[in-house]
Asker: 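My questions all concern the structure below.
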Amino acid sequence: MKTLSQNRCFGGTQGVYSHASDACGVDMTFGLFVPEEAALGPVPVLWFLSGLTCTHENAMIKAGMQGWAAEQGIAVVFPDTSPRGEGVANDDAFDLGQGAGFYVNATQAPWAPHFRMWDYISRELPDLIGANFALDMDRQAITGHSMGGHGALTLAMGLPGRFRSVSAFAPICHPTQSDWGRKQFTAYLGADESAWAAHDATLLMKDKGFDGPVLIDTGTADQFGDLLGTEHLAAAMAARRQDGVLRLQKGYDHSYFFIATFMEDHVDFHAQALYA
């Protein structure tokens with residue numbers, strides 16, 4: 001692992017690091033905020049998964065997350081959204097290829113050799129940061145935005161017992177029935193739609209739900225609202241009697257202005273579960 005930068009931030013350290021990834025077959029970069037409490041012992045971990053076109057930098061710089069995490073003594077991980085670099089498959093469209101990993105393990109050419117973001121987020125990166133930083137990997141929570149909200153929800157439900165809480169900002173809720181999902185799942189996972197269900201939050205909610213609290217915020221002025229499928233997840237949560245809250249925030253769109261506005265709520269929500 002290489003240290004690319006470290007900056008003092010709200011009493012803690014905001015670092016950026018790179019490492020050779022076995023899962024993705026290329027060097028991967030991630031951000032990690034560690035609060036000052038880590039000097040006294042391992043601290044709980046909150047993951048933030050970003051959306052389409054983003055890198056590790058977007059949320060790290062724009063979300064205003066570190067200040068609220070510092071108040072709660074929580075570390076925050078900012079992974080990249082896909083493998084990158086020479087030799088990694090790509091597409092001219094913004095919603096496929098580099099910057100659009102969708103947090104799945106691709107099985108189809110030309111994506112399969114590198115696009116293994118499920119393994120990277122669920123196994124490789126947790127092992128790496130747990131071995132190198134003062135983090136309590138028994139206390140983890142996860143959140144994300146848009147494509148990253150999709151990833152947060154599917155990882156939380158797909159890995160029972162891993163995360164104590166899950167939240168999302170404007171998540172893609174029903175990708176098997178959306179152009180933000182069907183296109184990418186066909187490319188990455190193939191035409192057999194039975195392989196897609198494990199990566200659809202609405203279907204997972206119907207099938208198994210989440211063994212902890214859920215918080216979701218989506219803006220009523222979200223310019224991608226028709227692609228998100230919020231109403232489908234809401235119905236699935238209600239039918240299951242899922243412990244959770246889904247809020248429609250009047251006038252807010254899909255931007256980081258929206259995320260920053262409600263970030264304090266989300267960090268506080270996760271702190272309650274992480275310190276319970």
Asker: Roughly how far apart are D27 CG and K2 NZ, rounded to 0.5 Å?
Answerer: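 It is 6.0 Å, given to the nearest 0.5 Å.
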
Asker: Kindly assign one of parallel, tilted or perpendicular to the pair W111 and Y188, based on the angle between their ring planes and the thresholds 30° and 60°.
Answerer: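 Aromatic pair W111/Y188 classed perpendicular.
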
Asker: Does CG belonging to D179 count more than 12 external heavy atoms closer than 6.0 Å?
Answerer: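 No - once you tally the heavy atoms of other residues, nucleotides and ligands closer than 6.0 Å, there are 12 at most.
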
Asker: Measuring centre to centre across the rings, with the benzene-like ring taken for any Trp, is H145 within less than 6.0 Å of F258?
Answerer: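 Centroid separation for H145 and F258: 6.0 Å or greater.
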
Asker: More than 12 foreign heavy atoms under 6.0 Å from CG of D243: is that the case here?
Answerer: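 Yes, enclosed.
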
Asker: Check whether any side-chain heavy atom of F102 sits under 4.5 Å from a side-chain heavy atom of L189, and report yes or no.
Answerer: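 The answer is no, as the side chains (C-beta and beyond) never meet within the 4.5 Å cut-off.
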
Asker: Less than 4.5 Å apart, any side-chain heavy atom of W180 and any of P175?
Answerer: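 No, their side chains stay 4.5 Å or more apart.
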
Asker: Is there a side-chain contact between Y103 and M147, using heavy atoms and a 4.5 Å cut-off?
Answerer: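 A side-chain contact under 4.5 Å exists here.
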
Asker: If I compare all heavy atoms of C54 with all of D80, which pair ends up nearest, and what's the gap?
Answerer: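 In terms of heavy atoms, the two residues are closest at O-OD1, 3.7 Å.
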
Asker: Checking R240 side chain against D207 main chain: does a donor-acceptor pair fall under 3.5 Å?
Answerer: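 Yes; at least one donor-acceptor contact below 3.5 Å.
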
Asker: Donor-acceptor pair, distance only, cut-off 3.5 Å: does the side chain of S167 make one with the backbone of T143?
Answerer: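 Not confirmed, S167 side chain does not pair with T143 backbone.
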
Asker: Are L227 and L52 in one and the same hydrophobic cluster, where Ile, Leu, Val, Met, Phe, Trp and Tyr link if side-chain heavy atoms are under 4.5 Å apart?
Answerer: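 Linked, L227 and L52 end up in one cluster.
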
Asker: Within the 4.5 Å heavy-atom criterion, are L274 and Q72 side-chain neighbours or not?
Answerer: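 In short, these two side chains do not touch, never coming nearer than 4.5 Å.
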
Asker: Hey, could you give me the CZ/CG distance between F30 and L4, rounded to the nearest 0.5 Å?
Answerer: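 Answer rounded to 0.5 Å: 9.0 Å.
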
Asker: Evaluate L228 against H254 for side-chain contact (heavy atoms from CB on, under 4.5 Å), listing each step before the verdict.
Answerer: CA-CA 11 Å; L228 300 180; H254 202 73; 4.2 Å; yes

Asker: Of all the heavy-atom pairs spanning G73 and E37, show the shortest one and how long it is.
Answerer: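 So the two residues come closest at CA-OE1, 3.7 Å.
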
Asker: Does a sphere of radius 6.0 Å around NZ in K206 hold more than 12 heavy atoms from other residues, nucleotides or ligands, not counting ones at 6.0 Å or beyond?
Answerer: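 For K206, atom NZ is not crowded (no more than 12 foreign heavy atoms under 6.0 Å).
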
Asker: Would you check, one step at a time, whether the test side-chain contact (heavy atoms from CB on, under 4.5 Å) holds for M117 with T81?
Answerer: CA-CA 8 Å; M117 290 300 293; T81 54; 5.7 Å; no

Asker: Applying side chain to side chain donor-acceptor pair (under 3.5 Å) between S21 and each of H114, E124, R116, report the one that passes.
Answerer: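 For S21, the side chain to side chain donor-acceptor pair (under 3.5 Å) check succeeds only for E124.
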
Asker: Would a single hydrophobic cluster contain both V104 and L125, if residues Ile, Leu, Val, Met, Phe, Trp and Tyr are joined by side-chain heavy-atom contacts under 4.5 Å?
Answerer: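 Yes, one cluster joins them.
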
Asker: With a 4.5 Å cut-off on side-chain heavy atoms, are W68 and D268 touching?
Answerer: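 Not touching, per the 4.5 Å side-chain cut-off.
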
Asker: Please report the interatomic distance OG(S146) to CG(D95), rounded to the nearest 0.5 Å.
Answerer: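 If I round to the nearest 0.5 Å, the distance is 10.5 Å.
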
Asker: Counting only heavy atoms not in Y275 (residues, nucleotides, ligands), do more than 12 fall under 6.0 Å from its OH?
Answerer: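 More than 12 heavy atoms, drawn from other residues, nucleotides or ligands, come within 6.0 Å of this atom.
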
Asker: For the pair R123 (side chain) and P126 (backbone), establish whether a donor and an acceptor sit closer than 3.5 Å, ignoring hydrogens and angles.
Answerer: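 Judged by distance alone, no pair lies under 3.5 Å.
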
Asker: Heavy atoms only: give me the nearest A168-G149 pair and the separation to one decimal.
Answerer: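 Result for this residue pair: CB-CA, 3.9 Å.
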
Asker: Checking L128 against N132 for the side-chain contact (heavy atoms from CB on, under 4.5 Å) test, could you report, in this order, the C-alpha distance in whole Å, the side-chain angles of both residues, the deciding distance, and whether it holds?
Answerer: CA-CA 6 Å; L128 180 74; N132 286 279; 3.7 Å; yes

Asker: Would you find a donor on one side and an acceptor on the other, under 3.5 Å apart, between the side chain of Q108 and the backbone of T186?
Answerer: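 It does not hold such a pair.
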
Asker: For the residue pair S50 / N58, report whether a side-chain donor-acceptor contact shorter than 3.5 Å exists.
Answerer: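 Looking only at side-chain atoms, S50 and N58 do not form any donor-acceptor pair under 3.5 Å.
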
Asker: Relative to each other, are the rings of F48 and F78 parallel, tilted or perpendicular (30° and 60° limits)?
Answerer: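 Geometry flag for F78 against F48: tilted rings.
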
Asker: Is there a path of hydrophobic side-chain contacts, each under 4.5 Å between heavy atoms of I/L/V/M/F/W/Y residues, joining M60 to V76?
Answerer: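 They do share one cluster, since a chain of ILVMFWY contacts under 4.5 Å joins V76 to M60.
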
Asker: Is there side-chain contact between V45 and M137, with heavy atoms separated by less than 4.5 Å?
Answerer: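 The answer is yes; the side chains approach within 4.5 Å.
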
Asker: Is the side chain of D91 donor-acceptor paired with the backbone N or O of L96 at a distance under 3.5 Å, no angle test?
Answerer: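 No, D91 side chain to L96 backbone: no donor-acceptor pair under 3.5 Å.
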
Asker: Is L49 reachable from L153 through a run of I, L, V, M, F, W or Y residues, each pair having side-chain heavy atoms under 4.5 Å apart?
Answerer: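 L153 and L49: one cluster.
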
Asker: So L248 and T230, do their side chains get closer than 4.5 Å, heavy atoms only?
Answerer: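 Yes, their side chains come closer than 4.5 Å.
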
Asker: Which pair of heavy atoms, one from S82 and one from G99, lies closest together, and at what distance?
Answerer: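 Between these two residues, the closest heavy atoms are OG-N, 2.7 Å.
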
Asker: To the closest 0.5 Å, what do you measure between OG1 (T107) and CG (N105)?
Answerer: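 Between T107 OG1 and N105 CG, I get 9.0 Å after rounding to 0.5 Å.
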
Asker: If only atom types and distance count, is the side chain of Q242 paired as donor or acceptor with the main-chain N or O of F210 below 3.5 Å?
Answerer: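 Side chain of Q242 to backbone of F210: a pair is present.
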
Asker: Any chance you could lay out the ring pair (Phe, Tyr, Trp, His ring centres under 6.0 Å) test for Y17 and F133, step after step, and finish with the verdict?
Answerer: CA-CA 12 Å; Y17 309 92; F133 299 93; 5.1 Å; yes

Asker: Which heavy atom in A93 sits nearest to a heavy atom in K183, and how many Å separate them?
Answerer: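 Nearest heavy atoms, A93 then K183: CB-NZ, 3.5 Å.
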
Asker: Judged by atom type as modelled, is there a donor-acceptor pair below 3.5 Å linking the side chain of T13 to the main-chain atoms of R8?
Answerer: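 Checked: no pair found.
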
Asker: Once rounded to the nearest 0.5 Å, what's the spacing between atom CG of D22 and atom OH of Y120?
Answerer: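 Answer rounded to 0.5 Å: 11.0 Å.
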
Asker: Please determine whether residues M65 and F163 belong to a single hydrophobic cluster, defined as Ile, Leu, Val, Met, Phe, Trp and Tyr linked transitively by side-chain heavy-atom distances below 4.5 Å.
Answerer: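 No, because M65 and F163 fall into different hydrophobic clusters, even though each may have its own neighbours under 4.5 Å.
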
Asker: Any side-chain heavy atom of R182 sitting closer than 4.5 Å to one from E193?
Answerer: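 Yes, side chains in contact.
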
Asker: What I want to check is whether the side chains of T154 and H199 have a donor and an acceptor closer together than 3.5 Å.
Answerer: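 No, no side-chain donor-acceptor contact under 3.5 Å.
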
Asker: Please test W118 against L155 for side-chain contact (heavy atoms from CB on, under 4.5 Å), starting from the C-alpha separation and ending with a verdict.
Answerer: CA-CA 8 Å; W118 180 276; L155 282 155; 3.6 Å; yes

Asker: Please report whether the ring centroid of F262 lies less than 6.0 Å from that of Y252.
Answerer: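 Yes, they do, as the ring centres are separated by less than 6.0 Å.
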
Asker: To the closest 0.5 Å, what do you measure between CD (Q272) and OG (S165)?
Answerer: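 Here the interatomic distance stands at 9.5 Å.
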
Asker: For P110 versus A89, what's the shortest heavy-atom pair and its separation?
Answerer: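 Scanning both residues completely, I find the closest heavy atoms to be O-CB, 3.6 Å.
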
